Protein chains: 2
Amino acid sequence: MEPHSPLCPRFEKAIDLLSKRWTALIVFRLLDGPQRFVGIAGSLPNLSGKVLSERLRELEAEGLVRRDVYPETPVRIEYSLTEKGRDLAPLFDNIGRWAAKWIELPEDDRR
Amino acid sequence: MEPHSPLCPRFEKAIDLLSKRWTALIVFRLLDGPQRFVGIAGSLPNLSGKVLSERLRELEAEGLVRRDVYPETPVRIEYSLTEKGRDLAPLFDNIGRWAAKWIELPEDDRR
DNA sequence: TAATATTAATTACGTATAGTAAGTTAAAGA
DNA sequence: TCTTTAACTTACTATACGTAATTAATATTA
């Protein structure tokens with residue numbers, strides 16, 4: 001049983017970020033272009049507004065997401081990916097290919 | 001605000017799987033080769049035995065991990081990746097490259 | 001035979017994170 | 001000033017996680 005080398009802290013941080021619940025799917029949705037709060041919420045039905053709000057803050061703090069306020073009536077707020085965020089696109093391609101190859105769905109989900 | 005197409009269920013399932021806490025790191029550790037319970041636990045210091053046990057079962061149920069029992073004294077149990085599990089390796093390469101490019105560490109973590 | 005040692009796994013219990021639903025804030029037009 | 005609407009926020013409940021003690025299995029030792 002040989003010991004492991006410790007994890008690269010950058011790698012560990014990236015995994016922490018991306019494997020937090022909902023974070024990956026929120027980024028994935030934003031890959032389609034800027035989205036408003038209700039738009040993201042509507043496309044991820046099991047994600048609560050509370051958590052979406054938290055995650056968007058975290059993503060903004062990490063520099064993956066930008067928040068733009070348009071003082072219209074009612075106020076419009078758009079979330080979009082920064083370059084750092086958009087650069088995750090290949091990762092999602094990768095997951096998509098893996099899923100297409102390996103994930104079997106139960107009959108009920110296939111119709 | 002155009003509506004989103006619903007997520008591909010395979011993709012969604014893959015994300016669910018991989019973004020569950022600790023799962024990705026456990027798979028990553030197993031990419032080095034077969035590991036025993038204590039070995040994995042030792043390499044991920046903040047992961048409790050309880051959750052490691054749960055995750056290994058889930059990964060086994062999903063067909064990413066194989067569990068081999070060697071009835072020695074004391075019993076030796078080895079966990080290893082199946083082909084489905086090993087096929088996630090490029091994903092981790094991808095995350096590693098993204099992290100190297102984008103993750104800035106606080107001074108304290110850099111020494 | 002009984003006590004011991006070792007690894008894997010489970011259980012009980014407290015804390016943390018997430019989900020639900022109702023409430024609040026802010027902006028501008030009526 | 002009142003209304004409307006999107007974007008939060010809060011109080012509460014439920015689920016997931018972490019810690020530490022415990023159990024199971026099995027061979028070795030006293």
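Every chain is numbered from 1 and lettered A, B, ... according to where its sequence line falls, protein lines coming before strand lines. What you see is a predicted model; the values in this text were computed from it and never measured.
A:Arg21 and A:Glu54 are not joined by a salt bridge, as no carboxylate oxygen comes within less than 4.0 angstrom of a charged side-chain nitrogen. Look at A:Glu58 and A:Arg55 and you find a salt bridge, because one of the NZ, NE, NH1 or NH2 atoms lies within 4.0 Å of a carboxylate O, short of that distance. A salt bridge links B:Glu62 with B:Lys13: the distance from a Lys NZ or Arg NE/NH1/NH2 to an Asp or Glu carboxylate oxygen falls below 4.0 Å.
Between B:Glu72 and A:Ser53, it is A:Ser53 whose nearest contact on DNA chain D lies nearer the 5' terminus. Of the residues near DNA chain C, A:Gly49 and A:Val75, the one whose nearest nucleotide (by heavy atom distance) lies more toward the 5' end is A:Gly49.
The CG-C1' distance, from B:Asp16 to D:dT15, rounds to 15 Å in whole Å. In this entry the distance linking CD1 of A:Ile77 with P of D:dT5 reads 17 Å, nearest Å. Remark: C1' of C:dA27 and CZ of A:Arg76 are 14 Å apart, rounded to the nearest angstrom.
OP1 or OP2 of C:dG19 lies within a sub-4.0 Å distance of a side-chain N or O belonging to A:Trp22. Between B:Arg67 and C:dA9 there is a side-chain polar atom (N or O) within less than 4.0 angstrom of OP1 or OP2. For B:Tyr79 and C:dA9, the shortest distance from a side-chain N or O to OP1 or OP2 is below 4.0 Å. Here B:Arg36 does not reach the OP1 or OP2 of C:dT7: none of its side-chain N or O atoms lies under 4.0 Å away. Within the structure, a side-chain polar atom (N or O) of B:Arg55 is placed less than 4.0 Å from OP1 or OP2 of D:dC17. The phosphate of C:dT17 has neither OP1 nor OP2 within less than 4.0 Å of any side-chain N or O from B:Arg21.
Distance from the side chain of A:Phe37 is smallest for D:dA7 among the nucleotides C:dA8, D:dA7, C:dT20. Listed nucleotides: C:dT6, C:dA8, C:dA9. Nearest to the side chain of B:Val38: C:dA8. In the set D:dC8, C:dA18, C:dA9, C:dA9 carries the atom at the smallest distance from any side-chain atom of B:Arg57. The side chain of B:Lys50 sits closest to C:dA12 out of C:dA12, C:dA9, C:dA18.
Two residues are said to be in side-chain contact when any heavy atoms from C-beta on lie closer than 4.5 Å; B:Val51 and B:Trp22 meet this criterion.
In this structure, A:Glu72 places its CD atom where more than 12 heavy-atom neighbours from other residues, nucleotides or ligands lie under 6.0 Å away.
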